[in-house]
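Working notes, structure below.
Numbering of ligands and ligand atoms starts at 1, following listing order. If you're wondering where the values come from, they're calculated on a predicted model, not measured in any experiment. Atom set for the values below is all heavy atoms of this structure, side chains included, hydrogens, waters and symmetry mates excluded.
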Amino acid sequence: MKSILDVDELPKRWYSILPDLPEPLPPPLDPETDKPIAPEKLKRIFAAKLVEQEMSLERYIDIPEEIREIYLKIGRPTPIYRATNLEKALNTPARIYFKYEGETITGSHKINTAVAQAYFAKKEGIETLITETGAGQWGTALSVAGSLLGLKIRVYMARASYIQKPYRKILMKVYGAEVYPSPSNRTEVGRKFLKEDPQHPGSLGIAISEAIEDVLRDEKARYSLGSVLNHVLMHQSVIGEEARIQMEKIGEDVDVLVGCVGGGSNFAGLTYPFIRNMLQGKKDYEIYAVESRAAPSMTRGVYTYDYGDSGRLTPKIKMHTLGHRYYVPPIHAGGLRYHGLAPTLSVLVNHAIVTPVAYHQREVFEAAILFAKNEGIVPAPESAHAVKGVIDLALDAKKKGEKKVILFNLSGHGLLDLNGYDSYLKGEMIDYEPTELPMSRVNA
Ligand SMILES: *Cc1c(COP(=O)(O)O)cnc(C)c1O
């Protein structure tokens, strides 16, 4: 049996980038008063410990031993592989490495924060965690965490995914979670959207509103979010802390870092422990954040205060946003559909520490298939955005004859996302891109 005593790569503490940011984060605002929100109010929505972590300016927070034991159980530390066949196929002098989060038990990085959130909630006597899920990875991760730690889990799943992705719904139920298609008739927000359209496909923004409304009428319940917030990104720092040590062991010095971005959590997980060196003036990297052209918050969004949900129940946070009314239609299979962006990542983009890139979904799936054929792993559609970014960087390195070391995060596998691959292979996939956005610097 693996034991934390002999796994030296498993981090002992999480890293929070807040004290190292080039400027302090603006505070979250109370949606009713537009004044900085009182922590007490946030504690009605989130577990108290997570609110403390959200606001903390500590650089490091110890990972409780019980959570480290669970990290072992769910597959941490995850491996780093070198994509040697892909390098040959591209004939690039670049050396390409990837951290593979698909090897956790739920097949993506989301379990890293799910177990931490469930652990702290359980310790506070909370009985139920309520959340939303889009494609279903987050709902699955929280469902496992709930069953491992003895909490009830209730999930609002966007109706389009609920119908198109039955396997994730089944998986959540296997772990004992309750799953409802959203909009549902269980909440006022849900009923409002159902009245407009009884077959409403739903969206992340609507599902978040439903989850929060549900939390507010159940004293023993709290809400749980799988991305965007500071504490979520901090829990994900285990990815980069492991990767740093693993790359050192291999004897490689990283030049370029790449990750895909929805809300920003897996990207932050890999890159922030490296960006720490940059912000402390110790080392420089090229860092690329890859998003979908269907939800281009970094490349077309506005940096402003906005709600996290369509029903305007969440605190307002300052971030790159497309507007809380924005939603990506279900014909888009490439994931990465959230309208907002982690506030810390928004600041790093503003300061040009991180360079954003956006791709269409067909070129992303083409890259994913090249990767699968050469490395054997089928990437999650979200992760495939990072793969596409890396391929372009490796081809650029070939043109310039540069022997760069590229490290990227393969945030999950795509074995439960084969519908998207099917539609690509049949030639039915289209490149969706919004022309008008509710909030935008650039309307196409
Ligand atoms: C949810 C998810 C993402 C996008 O979310 P982030 O918070 O930006 O990481 C990316 N990859 C996979 C596999 C996911 O499940």
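- Close N/O approach between Ser383 and ligand 1 is not found [any backbone or side-chain N/O within under 3.5 Å].
- The protein heavy-atom contact nearest to atom 13 (C) of ligand 1 is Ser411 OG, 3.4 Å.
- Within ligand 1, counting atoms from 1 as listed, the ones closer than 4.0 Å to a heavy atom of His109 are 2 (C), 3 (C), 9 (O), 10 (C), 11 (N), 12 (C), 14 (C).
- Using a non-hydrogen distance threshold of 4.0 Å, His413 does not register as a contact of ligand 1.
- Remark: side-chain polar atoms of Glu291 are paired, donor with acceptor, to backbone N or O of Met298 under 3.5 angstrom.
- Which parts of ligand 1 touch Cys260 is read off a 4.0 Å heavy-atom cut-off, strictly below it: atoms 10 (C).
- Residue contacts with ligand 1, taken as heavy atom pairs separated by less than 4.0 Å, do not involve Glu101 at all.
- In this structure a side-chain-to-backbone donor-acceptor pair under 3.5 Å is present from Asn419 to Gln164.
- By the 4.5 Å heavy-atom criterion applied to side chains, Glu241 and Trp14 are not counted as neighbours.
- Not a single N or O atom of Glu382, backbone or side chain, sits closer than 3.5 Å to an N or O atom of ligand 1.
- Counting heavy atoms under 4.0 Å from ligand 1, residue Val232 does not touch it at all.
- For the side chain to side chain contact (heavy atoms under 4.5 Å, CB included) with Arg300, the lone residue among Glu433, His320, Arg293 that qualifies is Glu433.
- When the heavy atoms of Leu345, Leu336, Thr113, Thr140 are ranked by distance to atom 4 (C) of ligand 1, first place goes to Leu336.
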Next on the checklist: Under the criterion side-chain hydrogen bond (donor to acceptor under 3.5 Å, both in side chains), I'd like the reasoning laid out for Asn350 against Glu23: C-alpha separation, chi angles, the key distance, then a yes or no.
Outcome noted: CA-CA 11 Å; Asn350 290 347; Glu23 61 179 275; 5.6 Å; no
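- No side-chain donor-acceptor contact under 3.5 Å links Ser161 and Arg159.
- Between Gly264 and ligand 1, a contact under 3.5 Å exists for at least one N or O pair.
- A donor-acceptor pair is defined here as one N or O able to donate and one able to accept, closer than 3.5 Å; such a pair exists between the side chain of Glu87 and the backbone of Ile96.
- Here the heavy atom of the protein found nearest to atom 7 (O) of ligand 1 is Ser227 OG, 2.5 Å.
- Contacts with ligand 1 closer than 4.0 Å are made by backbone heavy atoms (N, CA, C, O) of Val261 only, the side chain lying farther away.
- Residues His339 and Tyr327 have side chains not in contact (no heavy-atom distance under 4.5 Å, counting atoms from C-beta outward).
- Between Pro31 and Leu313, the closest side-chain pair of non-hydrogen atoms is not below 4.5 Å.
- At under 3.5 Å, not a single nitrogen or oxygen of Gly412, backbone or side chain, sits near a nitrogen or oxygen of ligand 1.
- Contact of the Phe267 side chain with the Asn409 side chain is not registered, since no non-hydrogen atoms from C-beta on lie closer than 4.5 Å.
- For Gly262, a nitrogen or oxygen atom sits less than 3.5 Å from a nitrogen or oxygen atom of ligand 1, counting backbone and side chain alike.
- If you check which protein heavy atom lies closest to atom 15 (O) of ligand 1, you get Lys110 NZ, 2.6 Å.
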